Colleague: 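If you scroll down you'll find the structure; I have some questions about it.
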Amino acid sequence: GGWLSGPQLAATGSFRTEKYDEKWYLVDPEGRLFFSHGLDVLYPHTDATKTKDHDKWFAEMPTGASEIPFTHNNLKIKYGKENYYADFYKTLSKRLEAWGFNTIGNWGKGDFIALGTSPYALQLTDFNSEWPGFQSSKVKFYDVFDPRFEEKMGNLLANRAKVDPVTKKSITDPMCIGYFIDNELTFDTFIKGVMKAPASQPAKIEFCKDLQAKYENIEALNSAWNSKFASWSDFLAHNEEPNSEGFKKDSKIFHAKAVDRYFQTCRDGIKKVAPHRLYLGCRFVSFRQSPYIWEAAIKYCDVASVNTYVHTPANCNSADYRDRPIIIGEFHFGVYDRGMFSSSLCPAGITQDERATAYIRFMQGALVHPNIVGAHWFQFRDQPLTGRWDGEGYQIGFVDVADTPYKEMTEAARLIGENMYRYRAEGKLKNSMKTD
């Protein structure tokens, strides 16, 4: 999937990053410039509809079944057998090559990755709620000051490799680009989680220690925060956020410390086991992150990652990335022409032609951006009309629930795959992908 007719750089046997001609690139194991054009959720079947409370939705409700897996049932019919997985993977491998994709994006099935036909990225965890965190389920972030967090995150890759053959192989597999850790964390809820936590919460104790080191006594803190704590113990017992500029200033400092610790622990856990694999970040929700969050991500990630549902990333502010590479972990477009009730997180019109055009325009914007080194479409398959496990039912696939490809999208993907390197090298945002 690298640029065969492009520049020949040093071949290291692993994927790496390099800035070439004022643009960041991935570099493949053979030393070729590589832009990651990928698809997410490459599974045989996905997004089964829950049967609970849906008694009147279906002509026949399976007895005792908790879900109805439409794609699984359709693929059994298509391939004429109960166990069709090997046939499906063989077809999928041919499809990716024919459609112009060079990367298995996030949530690729291990059995498909194991075929070794495409470079891939692995996600080591999609936020582990059983690890040290906060009482509120709305705080999708860890208590990074709990000693157990460092033990869990620091050994995440090593422990996964003990139980998962694909992860074990990835440590030395040149086809492995690298690892994502977590997905769409709610960084902005961390301080709320700390302040609402009980006095025994390690993060709250750490915050208290930092404040004690900064302020001589509780009275000095009260003066800065416009608060009325009777003692430091009273501060720890308190479970509300003060509404003052002093609190906001100190909480940002502590938040930055926590975020730095998070990214460093993730990075160290990967590099001590797989020093030649890339750490691909935590897949931010959008490009709008606080400067100190970007600072920490860029400091420790080989490539920071962002999920974004916009029509183009061409105008994303390069200054945020401190001259470092970025990969887009998710994007998509949907329309309404095939009977779905919801198009997508980023609607693109009415017809498949309009969706394909939106896809091309997005990729053109990514290709001319000097920091972006890849973009992965979410997802391979439409979600069912009746919704997946959480009800989400978008028309966002390259194939529908019966595994029939959208020709407009596959032709657009091939157009991108055939022309993306010269388009990036030229660095100009223009309508035609083809070189004159």
Side-chain angles (χ1 to χ4, degrees), residues 1-2 8-20 24-36 38 102-106 108 110 113-114 116 118-126 128 131 142 144 147 149-183 185 259-284 294-306 321-327 329 371 373-374 376:
Q8 176 66 63
L9 279 61
T12 64
S14 300
F15 277 91
R16 59 186 176 87
T17 61
E18 184 167 325
K19 194 173 186 181
Y20 182 86
W24 280 99
Y25 287 88
L26 295 170
V27 180
D28 74 16
E30 296 177 337
R32 299 294 186 179
L33 299 179
F34 187 96
F35 190 90
S36 184
N102 63 10
T103 303
I104 299 171
N106 206 27
I113 290 173
S118 296
Y120 60 92
L122 287 181
Q123 179 152 340
L124 298 180
T125 184
D126 184 354
N128 195 321
W131 288 5
Y142 306 102
V144 298
F149 169 76
E150 186 170 1
E151 190 277 328
K152 294 287 188 180
M153 184 62 80
N155 293 294
L156 173 61
L157 176 55
N159 290 336
R160 270 282 301 270
K162 292 177 182 177
V163 298
D164 178 36
V166 173
T167 302
K168 181 179 180 180
K169 180 183 178 183
S170 72
I171 294 172
T172 56
D173 185 5
M175 295 288 270
C176 178
I177 298 171
Y179 307 104
F180 298 109
I181 296 180
D182 294 318
N183 184 62
L185 298 173
V259 171
D260 189 275
R261 183 177 178 86
Y262 165 77
F263 281 110
Q264 181 179 15
T265 306
C266 293
R267 190 277 310 273
D268 291 350
I270 288 174
K271 296 300 182 179
K272 73 178 181 181
V273 178
H276 302 302
R277 302 285 85 82
L278 299 176
Y279 171 34
L280 304 174
C282 62
R283 301 164 60 84
F284 288 134
W294 274 118
E295 194 71 45
I298 295 305
K299 180 179 178 182
Y300 295 108
C301 298
D302 296 302
V303 183
S305 50
V306 179
Y321 322 132
R322 279 77 169 169
D323 194 25
R324 295 293 297 159
I326 306 292
I327 194 166
N371 298 86
V373 297
H376 301 165

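Since we're looking at a predicted model, the values are computed, not measured. Note that these values count all heavy atoms, side chains included, but never hydrogens, waters or copies made by symmetry.
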Colleague: Got a second to check how far L124's CG is from I270's CD1, nearest 0.5 Å?
Modeller: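 So the gap between those two atoms works out to 5.5 Å.
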Colleague: Carefully, step by step, assess Y279 and V303 under the rule side chain to side chain contact (heavy atoms under 4.5 Å, CB included).
Modeller: CA-CA 6 Å; Y279 171 34; V303 183; over 6 Å; no
Colleague: List for me each residue that meets salt bridge (Lys or Arg N to Asp or Glu O under 4.0 Å) alongside E18, sequence neighbours excluded, and say none if there are none.
Modeller: R16
Colleague: Can you name the residues that form a salt bridge (Lys or Arg N to Asp or Glu O under 4.0 Å) with R267, not counting sequence neighbours?
Modeller: none
Colleague: Is a side-chain donor-acceptor pair under 3.5 Å present for S36 with H376?
Modeller: yes
Colleague: Using side chain to side chain donor-acceptor pair (under 3.5 Å) as the criterion, list what pairs up with D28, not counting sequence neighbours.
Modeller: none
Colleague: Given Y179 and L280, is the side chain to side chain contact (heavy atoms under 4.5 Å, CB included) satisfied, shown in steps?
Modeller: CA-CA 5 Å; Y179 307 104; L280 304 174; 5.8 Å; no
Colleague: Evaluate the ring planes of F284 and F263, with Trp represented by its six-membered ring, and classify them as parallel (under 30°), tilted (30 to 60°) or perpendicular (over 60°).
Modeller: perpendicular
Colleague: Applying side chain to side chain donor-acceptor pair (under 3.5 Å), name anything that partners Q8, two or more places apart in sequence or on another chain.
Modeller: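 So Q8 forms a side chain to side chain donor-acceptor pair (under 3.5 Å) with R32.
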Colleague: Does a sphere of radius 6.0 Å around NZ in K271 hold more than 12 heavy atoms from other residues, nucleotides or ligands, not counting ones at 6.0 Å or beyond?
Modeller: yes
Colleague: Assess whether atom CD of Q264 is packed by more than 12 heavy atoms of other residues, nucleotides or ligands within 6.0 Å.
Modeller: yes
Colleague: For W294, which residues count as a side chain to side chain donor-acceptor pair (under 3.5 Å) partner, sequence neighbours excluded?
Modeller: none
Colleague: Just so I know, are the side chains of I326 and W24 near enough to count as touching, which here means a heavy-atom distance under 4.5 Å?
Modeller: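 Counting from C-beta outward, I326 and W24 never come under 4.5 Å.
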Colleague: When rounded to the nearest 0.5 angstrom, what is the spacing between SG in C266 and OH in Y300?
Modeller: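 Atom-to-atom, C266:SG and Y300:OH are 11.0 Å apart.
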Colleague: Could you tell me whether the side chain of F35 reaches within less than 4.5 Å of the side chain of L26, counting heavy atoms only?
Modeller: no
Colleague: For residues A304 and I298, report the shortest heavy-atom separation together with the two atoms involved.
Modeller: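 Heavy atoms of A304 and I298 come nearest at CB-CD1, 4.1 Å.
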Colleague: If the condition is side chain to side chain contact (heavy atoms under 4.5 Å, CB included), which residues does S14 pass it with, not counting sequence neighbours?
Modeller: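 S14: side chain to side chain contact (heavy atoms under 4.5 Å, CB included) contacts with T12, H276, R277.
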Colleague: With sequence neighbours left out, write down each residue that passes salt bridge (Lys or Arg N to Asp or Glu O under 4.0 Å) with D164, or none if nothing qualifies.
Modeller: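 By the salt bridge (Lys or Arg N to Asp or Glu O under 4.0 Å) rule, D164 matches R160.
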Colleague: Mind checking side chain to side chain contact (heavy atoms under 4.5 Å, CB included) for K299 and listing every partner two or more places apart, or none if nothing turns up?
Modeller: D260
Colleague: Can you confirm whether the side chains of Y120 and S170 place a donor and an acceptor under 3.5 Å from each other?
Modeller: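 No, S170 and Y120 have no side-chain donor paired with an acceptor closer than 3.5 Å.
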Colleague: What pairs with Y321 under side chain to side chain donor-acceptor pair (under 3.5 Å), at least two apart in sequence or on another chain?
Modeller: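 Residues passing side chain to side chain donor-acceptor pair (under 3.5 Å) with Y321: none at all.
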Colleague: Return the set of residues passing salt bridge (Lys or Arg N to Asp or Glu O under 4.0 Å) with D323 (not counting sequence neighbours), or none when no residue passes.
Modeller: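 With sequence neighbours excluded, D323 shows a salt bridge (Lys or Arg N to Asp or Glu O under 4.0 Å) to K19, given in chain and number order.
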Colleague: Hey, could you give me the OG1/CD1 distance between T167 and I113, rounded to the nearest 0.5 Å?
Modeller: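 Going from the OG1 atom of T167 to the CD1 atom of I113 covers 8.5 Å.
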Colleague: Heavy atoms only: give me the nearest G281-C301 pair and the separation to one decimal.
Modeller: CA-SG, 3.6 Å
Colleague: Quick check: do K169 and V166 have side-chain heavy atoms less than 4.5 Å from each other?
Modeller: no
Colleague: Only counting residues at least two apart or in another chain, list the ones meeting side chain to side chain contact (heavy atoms under 4.5 Å, CB included) with T125.
Modeller: N128, Y142, L156, I181, D182
Colleague: To the nearest 0.5 Å, how far apart are CZ in R322 and CG in N371?
Modeller: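 Spacing of CZ (R322) from CG (N371) equals 11.5 Å.
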Colleague: What's the separation between atom CG in L122 and atom SG in C176, rounded to the nearest 0.5 Å?
Modeller: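 Going from CG on L122 over to SG on C176, the span is 5.0 Å.
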Colleague: May I ask you to check whether F34 and F15 place their ring centres under 6.0 Å from each other?
Modeller: yes
Colleague: Within this structure, what is the CE-CG distance for the pair M153 and N155, rounded to the nearest 0.5 Å?
Modeller: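 Going from CE on M153 over to CG on N155, the span is 11.0 Å.
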Colleague: Show the nearest heavy-atom pair for residues G154 and T265, with the distance to one decimal.
Modeller: N-CG2, 4.1 Å
Colleague: Mind listing the closest non-hydrogen atom pair of T17 and P325 along with its distance?
Modeller: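 Distance-wise, the nearest heavy atoms are CG2-CG, 4.1 Å.
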Colleague: Closer than 3.5 angstrom, by distance alone: can the side chain of D302 be matched with the main-chain N or O of L278 as a donor-acceptor pair?
Modeller: no
Colleague: I need the minimum non-hydrogen distance between P29 and P174, along with the two atoms involved.
Modeller: CG-O, 3.4 Å
Colleague: Please identify each residue that fulfils side chain to side chain contact (heavy atoms under 4.5 Å, CB included) with S305, with sequence neighbours left out.
Modeller: F180, R283, I327
Colleague: To check you understand the geometry: which heavy-atom pair defines the closest contact between I104 and G108, and what is its length?
Modeller: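 In this case the closest contact between I104 and G108 is CG2-CA, 3.8 Å.
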